[in-house]
There are 2 protein chains.
Amino acid sequence: MNGTDIVLDKTDLSILRLMQENARMTNADLARELEMAPSAVLERVKKLEQKQVIVKYTTRISPVALGQTLLAFIAMKSSEGMGSNNTAKELAKIPEVQEVHHIAGDDCYMVKVRTADSASLMELMRNKFSKIQNITSTRTTIVLETVKEEQQLVIPEK
Amino acid sequence: MNGTDIVLDKTDLSILRLMQENARMTNADLARELEMAPSAVLERVKKLEQKQVIVKYTTRISPVALGQTLLAFIAMKSSEGMGSNNTAKELAKIPEVQEVHHIAGDDCYMVKVRTADSASLMELMRNKFSKIQNITSTRTTIVLETVKEEQQLVIPEK
DNA sequence: AGATAATTTCGAATTTTATTCGGAGTTGAT
DNA sequence: ATCAACTCCGAATAAAATTCGAAATTATCT
């Protein structure tokens with residue numbers, strides 16, 4: 001048992017389940033749902049934030065409404081030694097890069113990028129990726145249609 | 001110009017930028033930030049919700065805190081004809097499946113899955129994926145380390 | 001088990017925010 | 001310039017957030 005262990009009881013999980021579904025749910029509504037006093041619920045929420053169980057409250061915005069219609073996955077090989085992830089950190093700094101994963105197997109990184117169109121993707125690759133050391137190859141896969149895209153966790157009952 | 005076109009002005013974009021960063025920001029704080037009356041801001045937010053520019057308010061929860069430490073990408077081939085995406089829809093129904101994209105190239109789908117561990121992934125594949133018609137092959141890539149994972153959009157100034 | 005400590009919950013009081021709506025002000029099209 | 005549509009404001013009211021002392025519950029130690 002290490003000291004950073006986090007214990008979540010049934011009530012915490014219910015809070016997380018409700019908040020994951022609607023981050024703007026009022027504390028009062030939460031309390032009603034859980035049949036608890038608002039003050040008690042508030043305290044739990046604050047603790048979940050402090051413990052970093054709750055990472056962030058975010059608004060999902062329609063990419064289409066903002067004209068960001070191109071999504072791509074880029075499998076990348078890097079020549080940097082294992083153990084270092086500077087390449088990944090550099091990639092992570094680029095706002096259009098939504099995800100950077102170090103993956104098992106041949107390709108070192110799986111990168112997810114969202115831009116306005118293929119032209120802006122090209123521009124991004126030319127202006128940003130090209131500046132990053134150690135990238136030896138990239139294989140870009142364009143998304144034609146997204147059927148599901150969320151990161152809702154499966155929260156156990158208990 | 002089709003009727004479903006959405007016009008977003010500078011103020012809307014500011015609202016989206018602030019709300020994307022913190023979905024629980026109060027309307028009062030939003031109004032202060034934008035130097036507008038709360039009532040005016042509220043009206044804009046409601047409209048952004050109605051127009052589906054704002055898709056959802058969600059809470060990002062630490063997967064580690066919930067013991068969901070395995071992330072994998074699965075490239076899948078399907079024998080279903082183009083134009084149909086029933087396979088994708090079936091995949092989308094599975095809660096552990098966070099993303100389903102129809103991609104260009106050889107593999108038909110790119111699927112992102114999050115589970116507790118490799119055992120639960122195996123279980124998922126045996127119990128759920130195997131029931132879905134038309135999946136002819138899968139190639140699973142395990143994520144060793146996630147350096148960045150978000151879906152914050154790049155919101156233009158104007 | 002019993003005592004003690006730590007944590008959690010409650011409830012009431014206060015501050016802050018959300019929401020409503022009539023009317024003024026703007027913008028844009030004709 | 002006129003009209004319509006939209007946006008904003010401000011004040012009033014309803015609702016929610018926050019605080020905090022005390023009670024209740026739970027965990028720990030002997």
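Labels below follow one simple rule: chain letters A, B, ... track the order of the sequence lines, proteins then strands, and each chain is numbered from 1.
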Legend entry - Contact nearer the 5' end of DNA chain D, comparing A/Ala28 with B/Ala37: B/Ala37
Legend entry - Residues B/Asn134 and B/Ser79: side-chain donor-acceptor under 3.5 angstrom: yes
Integer-rounded Å distance: [N] [atom2] and [X] [atom1]:
X	N	atom1	atom2	result
B/Glu43	C/dG22	CD	P	13 Å
A/Arg44	C/dT9	CZ	C1'	9 Å
A/Lys10	C/dT8	NZ	C1'	17 Å
B/Ile6	D/dC6	CD1	P	15 Å
A/Lys46	D/dT19	NZ	C1'	12 Å
A/Leu30	D/dA16	CG	C1'	12 Å
A/Leu42	C/dG11	CG	P	16 Å
B/Asp9	C/dT26	CG	P	16 Å

Inset, instruction - State plainly whether the residues A/Lys56 and A/Glu49 are in salt-bridge range, i.e. N to O under 4.0 Å. - result: no
Legend entry - Ion pair B/Glu99/A/Lys112, N-O distance below 4.0 Å: yes
Selection from [options] that lies nearest to any side-chain heavy atom of [X]:
X	options	result
B/Pro38	C/dT19, D/dT19, C/dC10	C/dT19
A/Arg24	D/dT18, C/dT19, C/dA18	C/dA18
A/Arg32	D/dA16, C/dT17, D/dC8	D/dA16
A/Lys47	C/dC10, C/dT8, C/dA18	C/dT8

Legend entry - Sugar-phosphate, base or nothing in reach of B/Ser39, heavy atoms under 4.0 Å: base
Legend entry - From CG (B/Leu18) to CE (B/Met25), nearest 0.5 Å: 4.5 Å
Inset, instruction - Just say parallel, tilted or perpendicular for the rings of B/Tyr109 and B/His102, cut-offs at 30° and 60°. - result: tilted
